[in-house]
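A quick note: this is a predicted structure, and the numbers were derived from the prediction, not measured. Below, chains carry the letters A, B, ... as their sequence lines are ordered, and counting in each starts from 1.
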Amino acid sequence: MQQYRTHTCSELRKTDIDKNVYLAGWIHSRRDHGGVLFIDLRDNYGLTQVVVYPAVAFLDEVSRLPKETVIRFGGKVAFRSEENVNPKLPTGEIEVVADSFEVLGTCDALPLNVFPEDDAPEDLRLTYRFLDLRRSKLHQNIMLRSDVIASMRRRMWDLGFKEFQTPILTSSSPEGARDYLVPSRIHPGKFYALPQAPQQFKQLLMISGFDRYFQIAPCFRDEDARADRSPGEFYQLDIEMSFVNQDDIFKVVESLIHGIFAEFSKKTMDAPPFVRIPFRESMIKYGTDKPDLRIPIEMRDCTAIFAQSGFKVFRGAIETGAVVRAIPVKGIAKNPRNFFDKMVDHATTIGAKGLAYLQWLDAGVKGPLLKFLTPEEVKSIEALCGVGLGDVVFFICDTPQTTNKLSGELRVKLGKDLGMIDPDAFKFCWIVDFPMYEWDEENKCVAFSHNPFSMPQGGMEALSSKQPLDILAYQYDIVCNGIELSSGAIRNHQPEIMYRAFEIAGYPKETVDERFGAMINAFKLGAPPHGGIAPGVDRIVMLLADEQNIREIIAFPMNQRAQDLMMNAPATVTQKQLRELHIKVVEHS
RNA sequence: GGGCUGGUAGUUCAGCUGGUUAGAACGCCGGCCUGUCAAGCCGGAGGUCACGAGUUCGAGCCUCGUCCAGCCCGCCA
């Protein structure tokens, strides 16, 4: 076997002058002066300039090799005179004078440039992902991902956690997202499901007494994509701990998350403990359970003020269950009329019935809304929103759910348009006290709002005495810059509370036994109190790489329509395969 | 399933109020060139203006439909 190289393309320095070396890599770029030829040779580690002089017989042959040809050069490391040093490269003080070469891999015309890194259509990038991955930005992102995952593992081991594997072929669970199903050959008509998360397995490992579990776990959910949500599969740093309360978990996760972010990013961030915001408060202040705290706008519930006011549009709506949300913004009262028109326009585009506002100007309070309000009511708004001269308050009035959605969107829109978002900051928070149940409008019933295995706050007592929709759960999310990084809970490990919790959501005891048999049996045979969380690996890397799209930190992502354009998945299979799996494809009418 | 934005050379884009032969840059091909590092200079090839229909004397541009892409809503316990 020949030795392909003596050094990598980022290794050679002035101290290596006169050494005879071999370098192997891709032809990154070429500068052909007719007499002398410069080639930047690239590998995973960097670039080195190779010079080919007319003295060698192969100058002409090498000058014809296309970019991205894989080649090995032999030669001597040479000093570059001062004016020829390239300060942009770590190897810029030297060059390799070629005395031999060998093509290791030829290259045809490229469908997209590796260098320079011009914008290219995403479908082309995905079809030729191996070329895209050669490009510096994506290559660095994937290396960062590897380093982040290595750091996660190291930190988890240091915190006393053990790593486990759990099954990929498992059974479908009735709650949650759509499953990916895998037909069974041996059992006609039966299906495995790919795990949406190793939720039940990690709880069972706690019941098995392993105390501290983690796994870089693949999760499969058949749901539609978003910019921060890859279709099909994604990875979680799955964590579970025994004999812990919520604060114990927060402490571990804060140390882990802050450690990772501080290790891999120069952006500013608050030290732990992270701010904790109850779910209901978050919905009012930010209109969402994943607030971007970089935006310094806190909204207020103004329903009480308008319920009594002379503004009939709001008062009438409030009488039929609407709420009014105030969006106070500092220092923009003097913005031109055009700005306010555009905001109103945008509000109606996203579905608002309108967008009222008040401006606090030198000449007094102004705005389309003013004539309907008494001076006392304006004072109340001032006090509630903490506004004064130079400030503006926008108002949204709609059903509680729609108000949250619209005001939350407008808050982000204002933050972006007004340049309020610090691009060099990470703002973390915990969202806590999620409701255990919510009203399912589609099926007109009480449903679990998050994980059905979460422990209700107040336990059996709360389940028996409170209105279902008032019961809170030990359920929490960690949020960074408006992106939900992680969701977790203290689990319900007591079978009686479990049966009762499911009963409220409409599942009789028999159904629980049937669908969660393994879990409920385990809970009856000595289950420790336990809880956990599962930070999204992809989203963490996305934030650290400062990418707006999750596909930029995944080596081989699917497109928005859940297709792998490179491997051509999904694809049809042979009749033989279908027969073996007892599957018949029927046309949809 | 729905909404928004877009689709012009291999790629990124320009293309005026509908008007002659649809342009530029990068890339590609050929030539020149001994110190570049975004090398330079000269020349060349490359277009079903996403597709279909309509309006018009005339459509890249206007209208309708279809397809495709991105982003969003729904969905994501």
Side-chain angles (χ1 to χ4, degrees), chain A residues 28-42 47-55 59 63-64 66-68 78 80-89 91-92 95 97 108-126 128 173-179 196-197 199-200 219-232 234 290 346 349-351 402 405-406 409 412-413 434-438 440-442 447-454 473 475 484 487-489 501-502 505 507 516 534 536 548-551 559-561 563 565:
Chain A
H28 182 70
S29 67
R30 185 182 43 215
R31 294 170 294 280
D32 186 350
H33 290 248
V36 61
L37 170 68
F38 299 100
I39 286 176
D40 287 340
L41 196 66
R42 183 193 73 240
L47 292 174
T48 299
Q49 175 164 285
V50 176
V51 201
V52 186
Y53 285 112
L59 170 65
S63 75
R64 284 174 206 286
K67 282 190 194 182
E68 296 305 309
R80 288 208 215 181
S81 65
E82 201 176 324
E83 67 273 19
N84 288 330
V85 164
N86 183 352
K88 292 186 213 160
L89 292 181
T91 60
E95 60 196 5
V97 180
D108 294 341
L110 294 165
L112 62 92
N113 279 334
V114 174
F115 178 84
E117 267 174 76
D118 302 325
D119 286 344
E122 197 173 20
D123 56 351
L124 197 67
R125 292 178 54 205
L126 291 173
Y128 295 95
S173 77
E175 294 286 327
R178 274 186 291 269
D179 284 315
Q196 296 184 20
Q199 182 64 37
Q200 296 189 48
C219 304
F220 305 90
R221 295 178 194 174
D222 187 2
E223 298 296 341
D224 290 337
R226 288 289 182 276
D228 65 353
R229 201 166 81 203
S230 190
F234 60 96
K290 41 180 182 177
H346 179 75
T349 309
I350 62 175
T402 307
K405 190 182 144 231
L406 295 175
E409 256 181 69
V412 171
K413 166 89 175 159
F434 277 85
M436 185 82 186
Y437 301 101
E438 64 190 8
D440 180 345
E441 198 47 53
E442 196 183 326
F448 287 111
S449 66
H450 280 81
N451 191 324
F453 302 120
S454 299
Q475 167 87 38
E484 182 196 314
S487 207
F502 271 92
Y507 296 93
F516 303 103
Q548 303 303 308
N549 192 299
I550 204 156
R551 291 186 290 274
N559 67 7
Q560 187 165 244
R561 298 211 306 154
Q563 297 166 303
L565 297 176

For a quick check, tell me whether the side chain of A/R229 and the base of B/C75 share a donor-acceptor pair closer than 3.5 Å.
yes
Closest to side chain of A/E95, choosing from B/C33, B/U36, B/C71:
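Selected nucleotide: B/U36.
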Give the nucleotide from the list B/U11, B/G31, B/C71 with an atom nearest to the side chain of A/R64.
B/G31
Does A/F115 have any side chain to side chain contact (heavy atoms under 4.5 Å, CB included) partners at least two apart in sequence or in another chain, and if so, which?
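Result, side chain to side chain contact (heavy atoms under 4.5 Å, CB included) vs A/F115: A/H28, A/S29.
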Spacing between [X] atom [atom1] and [N] atom [atom2], to the nearest angstrom:
X      : N     : atom1 : atom2 : result
A/Y128 : B/G27 : OH    : P     : 20 Å
A/L47  : B/U36 : CG    : P     : 18 Å
A/R42  : B/C37 : CZ    : C1'   : 15 Å

Nucleotide-level pairing of RNA chain B, given in dot-bracket where Watson-Crick and G-U pairs need both distances under 3.5 Å and | marks other strands:
(((((((..((((.....[...)))).(((((.......))))).....(((((..]....))))))))))))....
[N] phosphate, OP1 or OP2, under 4.0 Å from [X] side-chain N/O:
X      : N     : value
A/K88  : B/A38 : yes
A/R561 : B/A69 : yes
A/N113 : B/U12 : no

Residues that A/Y128 engages under ring pair (Phe, Tyr, Trp, His ring centres under 6.0 Å), provided they are two or more places apart:
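None.
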When you check the side-chain N and O atoms of A/S454 and A/N451, is any donor under 3.5 Å from an acceptor?
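On atom types as modelled, these side chains do not qualify, holding no pair under 3.5 Å.
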